[in-house]
Amino acid sequence: IYAVTNGFLDDVPVDKIRAWERDFLEYLRGTKGGVLETIRTKKALDDDTTAALRSAIETFKPLFKAD
């Protein structure tokens with residue numbers, strides 16, 4: 001939801017959003033698990049968590065293949 005509402009997925013075709021979400025969550029679990037754990041435990045996005053999430057999105061986005 002964060003990625004969509006903040007415009008990160010504006011250039012991803014609508015029919016590929018679910019695939020992006022699935023792949024991004026897999027990416028987070030594999031490389032940035034701490035971000036997910038922080039969101040789960042705090043149940044909020046503070047400045048540090050938002051910055052980490054934004055960085056993860058920006059790193060992952062070029063890796064996503066919308067085939």
Side-chain angles (χ1 to χ4, degrees):
I1 293 173
Y2 176 85
V4 171
T5 59
N6 287 282
F8 289 104
L9 303 184
D10 288 352
D11 59 342
V12 175
V14 173
D15 63 331
K16 302 298 181 186
I17 298 292
R18 289 208 186 269
W20 189 95
E21 176 187 21
R22 180 195 62 234
D23 293 354
F24 180 61
L25 286 172
E26 185 176 313
Y27 168 79
L28 282 178
R29 287 181 192 112
T31 62
K32 309 279 186 192
V35 173
L36 290 175
E37 184 60 28
T38 300
I39 293 169
R40 261 188 232 108
T41 57
K42 290 186 176 182
K43 299 187 186 330
L45 293 177
D46 60 19
D47 290 342
D48 291 338
T49 307
T50 299
L53 185 57
R54 180 179 297 266
S55 174
I57 292 168
E58 290 170 350
T59 301
F60 171 76
K61 197 164 175 201
L63 304 175
F64 177 69
K65 304 289 187 239
D67 299 342

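- The backbone N or O of Ser55 sits less than 3.5 Å from a side-chain atom of Thr59, completing a donor-acceptor pair.
- The backbone N or O of Ile39 lies less than 3.5 Å from no partner atom in the side chain of Lys42, so there is not a single donor-acceptor pair.
- With values rounded to the nearest 0.5 angstrom, Leu53 atom CG is found 10.0 Å from Glu58 atom CD.
- Residue pairs meeting the ring pair (Phe, Tyr, Trp, His ring centres under 6.0 Å) criterion with at least one member in residues 35-63, sequence neighbours excluded: Trp20-Phe60, Phe24-Phe60, Tyr27-Phe60.
- In this structure, OH on Tyr2 lies 3.5 Å from CZ on Arg54, to the nearest 0.5 angstrom.
- Sorted pairs that involve residues 28-59 and meet ring pair (Phe, Tyr, Trp, His ring centres under 6.0 Å), not counting sequence neighbours, are lacking altogether.
- The same ILVMFWY cluster, assembled from side-chain heavy atoms under 4.5 Å apart, contains both Phe8 and Leu63.
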* May I have the step-by-step check of salt bridge (Lys or Arg N to Asp or Glu O under 4.0 Å) for Lys65 and Asp23, ending in yes or no? => CA-CA 9 Å; Lys65 304 289 187 239; Asp23 293 354; over 6 Å; no
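- With rounding to the nearest 0.5 angstrom, the CG atom of Asp48 is 9.0 Å from the OG1 atom of Thr38.
- Side-chain N/O atoms of Thr50 and Asp47 include no donor and acceptor closer than 3.5 Å.
- Taken to the nearest 0.5 Å, the CG atom of Leu9 stands 7.5 Å off from the CG atom of Asp11.
- A salt bridge between Arg29 and Glu26 is absent, with no side-chain N of the basic residue lying under 4.0 Å from a carboxylate O of the acidic one.
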